[in-house]
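What follows is a short report on a single structure.
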Amino acid sequence: PEGALTEALTWLAEDDWEKKIEGLNSVRCLSAYHGTILTARLHETSLAVAQEVKNLRSGVSRAAVVCLGDLFTHLKKSMDQELDNTVKVLLHKAGESNTFIREEVDKALKAMVNNVTPARALCSLINGGQSHLHSAVRRCTAQHLSDVVERMGPERILCGTKAVADRIFPAAARFAQDSSQQTRYYGRKMLCRMMAHPDFDKALEKYLLPKDL
């Protein structure tokens, strides 16, 4: 497996797109069957895969998106350290016109939300897509952020670490006022999910600017 990983990384560095796809498929297999080998060189590997998400050839880009989904699925919380870069790259792909790639991006982000540490997922989503100029990217961010809120529940958000509430309330308020109807829906959905908590009103006043409130 160590040799296979070295070979896969060599292929990813080459210009031949077929080699790149082979390399990505090797990384997928390693994540499923030799997770510990991959974890030892995870930073290097995830950077190489994320780089290929930006590839202009749609076949390579799509294979890289699927590969990231597998890394989240199999390596779970080991991927926490790699979230900022990988999530940002995936979110930016959500603005693509290619439907197949957009579907794969959604699947990969779903795998991320379900497998990594929720608080880390939350921060990476907000950092990666909250202020993006493309409305499709903001919608995608709001949708997956809403899933994280669902997963954590109001108790953990409002009574957990201040850092989580500090980030989620301004983000939800911003999405609830977005120009896109779908994004507003997810913003409202997050607020609605937290509304049941007795400290909700206090938290709103604490974390939101008066104009947003």
Side-chain angles (χ1 to χ4, degrees), residues 1 4-32 34-98 100-134 136-138 140-141 143-145 147-148:
L5 179 55
T6 303
E7 189 175 49
L9 291 168
T10 307
W11 284 343
L12 284 174
E14 287 187 16
D15 289 334
D16 180 339
W17 67 270
E18 289 175 324
K19 279 270 178 16
K20 282 183 187 291
I21 290 180
E22 267 186 69
L24 290 164
N25 287 336
S26 279
V27 172
R28 290 180 65 190
C29 292
L30 286 162
S31 72
H34 297 284
T36 45
I37 303 286
L38 199 52
T39 311
R41 295 177 68 181
L42 187 54
H43 184 60
E44 181 187 355
T45 307
S46 75
L47 280 179
V49 175
Q51 191 55 42
E52 295 311 324
V53 172
K54 303 175 195 169
N55 196 302
L56 297 176
R57 186 179 273 276
S58 60
V60 177
S61 177
R62 187 179 175 188
V65 170
V66 172
C67 183
L68 281 182
D70 277 9
L71 291 178
F72 292 133
T73 303
H74 299 300
L75 304 183
K76 305 194 185 313
K77 291 182 180 166
S78 300
M79 283 296 285
D80 282 2
Q81 301 302 320
E82 307 303 328
L83 286 182
D84 280 346
N85 183 41
T86 50
V87 169
K88 187 177 182 178
V89 163
L90 285 170
L91 284 171
H92 288 207
K93 265 291 169 197
E96 285 275 308
S97 54
N98 185 320
F100 297 115
I101 287 186
R102 284 207 312 269
E103 284 172 0
E104 294 301 349
V105 165
D106 261 341
K107 283 185 206 162
L109 287 169
K110 235 185 201 74
M112 186 274 298
V113 167
N114 291 332
N115 290 294
V116 305
T117 305
R120 295 300 300 266
L122 185 129
C123 290
S124 297
L125 283 165
I126 293 171
N127 294 341
Q130 176 186 279
S131 310
H132 202 276
L133 297 174
H134 200 306
V137 175
R138 294 196 306 276
C140 182
T141 306
Q143 179 189 339
H144 292 287
L145 196 58
D147 290 344
V148 179

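Treat the numbers as computed from the prediction; the structure is a model and nothing was measured.
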Rounded distance [0.5 Å steps], CD1 in I21 versus CG in D16:
9.5 Å
Under the side chain to side chain donor-acceptor pair (under 3.5 Å) rule, what do S31 and D70 come out as? Steps first, then yes or no, please.
CA-CA 7 Å; S31 72; D70 277 9; 4.9 Å; no
Euclidean distance, Q130 CD relative to L145 CG, rounded to 0.5 Å
8.5 Å
Check the pair W17, L56 against side-chain contact (heavy atoms from CB on, under 4.5 Å), reporting the backbone distance first and the verdict last.
CA-CA 10 Å; W17 67 270; L56 297 176; over 6 Å; no
Those residues that, when tested against H74, pass ring pair (Phe, Tyr, Trp, His ring centres under 6.0 Å) (two or more places apart)
none
Side chain of R120, backbone of Q81: donor and acceptor closer than 3.5 Å?
no
Going by the rule side chain to side chain contact (heavy atoms under 4.5 Å, CB included), which residues pair with N55 if we only count those two or more places apart in sequence or in a different chain?
K20, E52, R57, V60
Which atom pair, heavy atoms only, marks the closest approach of L24 to A63?
CD1-CB, 3.8 Å
Can you tell if the side chain of Q143 reaches within under 4.5 Å of the side chain of D106, non-hydrogen atoms only?
yes
Nearest heavy-atom approach of G129 to T141 is CA-OG1, 3.3 Å
Donor-acceptor pair, side chain of S61 and main chain of K54, under 3.5 angstrom
no
With sequence neighbours excluded, what pairs up with L47 under the side chain to side chain contact (heavy atoms under 4.5 Å, CB included) test?
H43, N85
Under 6.0 Å from the NZ atom of K76, do we count more than 12 heavy atoms belonging to anything else shown?
yes
Answer whether the closest heavy-atom distance between the side chains of H132 and L91 falls below 4.5 Å.
no
side-chain contact (heavy atoms from CB on, under 4.5 Å) evaluation trace for L42 with E82:
CA-CA 8 Å; L42 187 54; E82 307 303 328; 4.1 Å; yes
Could you grab the distance from atom CG of L68 to atom CG of L109, nearest 0.5 Å is fine?
9.5 Å
May I have the step-by-step check of side-chain contact (heavy atoms from CB on, under 4.5 Å) for N115 and M79, ending in yes or no?
CA-CA 9 Å; N115 290 294; M79 283 296 285; over 6 Å; no
Distance-minimising heavy-atom pair for L75 and T39
CD2-OG1, 4.1 Å
G23 and A8: which non-hydrogen atoms are nearest, and at how many Å?
O-CB, 3.6 Å
Indicate the atoms forming the closest heavy-atom contact of L83 with S124, along with that distance.
CB-OG, 3.2 Å
Identify whether the distance between the nearest side-chain nitrogen and carboxylate oxygen of K19 and E22 falls below 4.0 Å.
no
Using side-chain heavy atoms (C-beta onward) and a distance below 4.5 Å, is E44 in contact with L9?
yes
Decide side-chain contact (heavy atoms from CB on, under 4.5 Å) for H92 and V53; before the verdict, give the C-alpha distance in whole Å, the side-chain angles of both, and the deciding distance to 0.1 Å.
CA-CA 10 Å; H92 288 207; V53 172; over 6 Å; no
If you count heavy atoms of other groups shown closer than 6.0 angstrom to CD of E14, is the number above 12?
yes
At what distance, to the nearest 0.5 angstrom, does CG of D147 lie from CG of L122?
12.0 Å
Is R138 reaching over with its side chain to a backbone N or O of L133, donor-acceptor style, under 3.5 angstrom?
yes
First locate atom CE of M112, then atom CG of L71, and finally report the distance between them rounded to the nearest 0.5 Å.
13.0 Å
I need the minimum non-hydrogen distance between G95 and V137, along with the two atoms involved.
N-CG2, 3.8 Å
Gap between atom CG of L38 and atom OG of S26 - 0.5 Å precision
11.0 Å
